[in-house]
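The structure appears right after this line, and notes come after that.
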Amino acid sequence: MPHLPKQKQQSQQQQSITLLGATGSIGQSTLDVLARHPERYRVYALTAHRQIDALAALCERWQPMVAVVGSEADTQRLRDMLKGSAPSTEVRFGADALAEVAQTEEVDTVMAAIVGAAGLLPTLAAVRAGKRVLLANKEALVMSGAIFMEAVTEHGATLLPIDSEHNAIFQCLPNGTPVSLAESGIESLILTASGGPFLNASAEQLAQVTPAQAVKHPNWAMGQKISVDSATLMNKGLELIEACWLFSAKPEQVEVVVHPQSVIHSMVRYADGSVLAQMGQPDMRTPIAHALAWPERMHSGVAPLDFTRLGDLSFMAPDTERFPCLRLAREAIAAGGTWPCVLNAANEVAVAAFLAGELVFQDIAVVIESVMQQMPVRPASELATILSADQEARARATKYIASLPDHPRD
């Protein structure tokens, strides 16, 4: 698995960080960890799309060299806000600026935490610049797995997973970088899923789910989109696809087990019958601190796990009848080509429509499956093909949603 990093000691000098997606939940957790180790890290760039007030507060606190926003109008607004509090911070905007702060020579490490397809190009820019990339944006691999991993190898980037499940698997792998799962004595990778807020809901109850209910995850503090993905089990489907690319695994080598307590973050099953598990509090600061310091360890601010207070740990098979998004993700990665990209694009449109009160919860999967059936699998060897498939899938999803009967808004 040449895409996994070879162990090497980090330089003892201060590491320079670009944080793509600074105002989201991963961005906030990353800054919390960085604040605990000011001697080790400094912030070069912070980016946000529309959360300008929040970004301004972060710029005042961290004094980055560059801040990047989504639009030209917000550029001037942020400049005005920073005149007195962060006058040396340069404000830029747009996709080109995101790529620039991800690939500049002044940066050692890039935290890729932009949600959705928007994170692909700047994350790929960081990889092509040979950076140490902390990958929280799973969509980059879902959309362009082969191209992305080839770039990691070609440009000598160090890729470290931030999703708690993939970070857990990485921690449970043998030392070094095994050539293949089989040659390392690994039978399968086991992704754990909390099951989301509707784990025990009936089909009738799922039909009445509101956006406000769907974004209330029982264990994790996350953004709205990923919270809905967790509720539909699409998040686990995207993670399954990501795991296949990260660890050179076949889809059938990746198991999914529902574990409502979210204490075991994932496991690796070995040929001799051993199963190694990584455990901890459901707090994203743990995988973030692990990746930032790897191959060392450092404090994350997360409370230690108290085994005397855990109670029962339970496990069950996922129900793909009530939660078909996981099945659709398996079908997408099995088919390969552009289908994972199509799956992701249709899901992003459907989730946005659900959050806007324009789609019922159960129709999220219906929209995705319809779009997948409309679009044949095409080879995904060119980035232009992937981006074209992404746009076509979004257009088809939008058209399909518009054709559905109106539903009352939440």
Side-chain angles (χ1 to χ4, degrees), residues 1-5 20-21 26 98-99 102 110-155 157-170 173 177 181 189 191 225-226 229-230 234-251 253-254 256 266 287-288 291 325-326 328-348 377 379-383 385-387 389-390 393:
M1 297 176 353
H3 49 273
L4 287 178
L20 302 173
I26 295 294
L98 288 175
V110 175
M111 169 60 79
I114 294 176
V115 176
L120 170 59
L121 294 181
T123 305
L124 194 54
V127 166
R128 287 172 171 166
K131 302 300 182 185
R132 182 184 179 101
V133 178
L134 279 51
L135 186 66
N137 174 265
K138 61 178 68 67
E139 291 85 357
L141 274 178
V142 170
M143 294 175 67
S144 65
I147 292 173
F148 193 94
M149 298 314 303
E150 287 170 6
V152 170
T153 301
E154 179 182 352
H155 297 281
T158 297
L159 184 64
L160 293 162
I162 295 299
D163 274 345
S164 62
E165 294 81 1
H166 304 92
N167 183 268
I169 288 170
F170 179 65
L173 289 174
T177 55
L181 298 187
L189 311 176
L191 296 172
K225 194 268 182 181
I226 192 173
D229 283 349
S230 179
M234 177 56 86
N235 189 52
K236 207 54 49 181
L238 298 177
E239 288 174 359
L240 186 157
I241 297 171
E242 182 182 6
C244 289
W245 288 113
L246 278 173
F247 306 113
S248 298
K250 298 175 182 178
Q253 292 177 302
V254 184
V256 174
S266 277
I288 289 168
C325 285
L326 180 57
L328 294 174
R330 279 200 179 276
E331 292 175 3
I333 187 59
T338 53
W339 249 23
C341 175
V342 169
L343 170 99
N344 178 71
N347 179 64
E348 287 192 17
V377 179
S381 57
E382 301 290 338
L383 190 59
T385 302
I386 292 166
L387 297 177
D390 175 80

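Computed from a predicted structure; not experimentally measured.
Smallest separation of non-hydrogen atoms from Ala329 and Gly237: CB-CA, 3.3 Å. Scanning both residues, Ala168 and Ser266, for their nearest heavy atoms gives CB-N, 3.7 Å. Across all non-hydrogen atoms, the minimal contact from Ser164 to Pro287 is CA-CG, 4.2 Å. Contact record, Phe170 with Pro161: CB-CG, 4.0 Å, taken as the closest heavy-atom pair. Residues Ile386 and Ala380 approach most closely at CD1-O, 3.8 Å, considering heavy atoms. Nearest heavy atoms, Ala113 versus Ala136: CA-CB, 4.1 Å.
For the atom pair CD1 (Ile241) and CG (Leu141), the distance works out to 10.5 Å, reported to the nearest 0.5 Å. Leu134 contributes atom CG, which lies 4.0 Å from atom CD1 of Ile162 (distance to the nearest 0.5 angstrom). Annotation: the span from Cys341 atom SG to Asp390 atom CG amounts to 4.5 Å, rounded to 0.5 Å. Note that CD of Glu150 and OG of Ser381 are 9.0 Å apart. Values are rounded to the nearest 0.5 Å. Atoms CG and CD, from Leu191 and Glu239 in turn, are 6.5 Å apart once rounded to the nearest 0.5 Å. Interatomic distance, CG of Asn235 versus CG of Leu326, reported as 10.5 Å (0.5 Å rounding).
Counting heavy atoms from C-beta outward, Leu189 and Leu181 have side chains that approach closer than 4.5 Å. Put simply, the side chain of Ile26 does not reach to within 4.5 Å of the side chain of Val115, judged on heavy atoms. Side-chain atoms of Pro379 and Thr385, non-hydrogen and from C-beta on, never get closer than 4.5 Å to each other. Residues Ile333 and Leu343 have side chains not in contact (no heavy-atom distance under 4.5 Å, counting atoms from C-beta outward). Leu98 has its side chain within reach of Ile114: a pair of non-hydrogen atoms, C-beta onward, lies under 4.5 Å apart.
For the salt bridge (Lys or Arg N to Asp or Glu O under 4.0 Å) condition, the pairs that include at least one residue of residues 136-145, sequence neighbours left out, are Lys138-Asp163, Glu139-Lys225. The salt bridge (Lys or Arg N to Asp or Glu O under 4.0 Å) analysis of residues 329-344, with sequence neighbours excluded, yields the pairs Arg327-Glu331.
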Evaluation steps, side chain to side chain contact (heavy atoms under 4.5 Å, CB included), between Val254 and Phe247
CA-CA 10 Å; Val254 184; Phe247 306 113; over 6 Å; no

Could you give me the CA-CA distance, side-chain angles and deciding distance for Asn344 and Leu238, then say whether side chain to side chain contact (heavy atoms under 4.5 Å, CB included) is met?
CA-CA 8 Å; Asn344 178 71; Leu238 298 177; 4.2 Å; yes

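Taking the side-chain contact (heavy atoms from CB on, under 4.5 Å) definition, one finds that Ala151 meets it with Leu124, Val127, Arg128, His155, sequence neighbours left out. Residues meeting the side-chain contact (heavy atoms from CB on, under 4.5 Å) test with Ala126, sequence neighbours left out: Ala102, Val110, Lys131, Val133. Taking the side chain to side chain donor-acceptor pair (under 3.5 Å) definition, one finds that Ser144 meets it with nothing, sequence neighbours left out. The side-chain contact (heavy atoms from CB on, under 4.5 Å) test applied to Ala335 returns Trp339, Val377, not counting sequence neighbours.
Within the 3.5 Å criterion, the main-chain N or O of Ala291 finds a donor-acceptor partner in the side chain of Arg132.
Under the side-chain contact (heavy atoms from CB on, under 4.5 Å) test applied with Leu135, the options His166, Glu242, Met111 reduce to a single match, Glu242.
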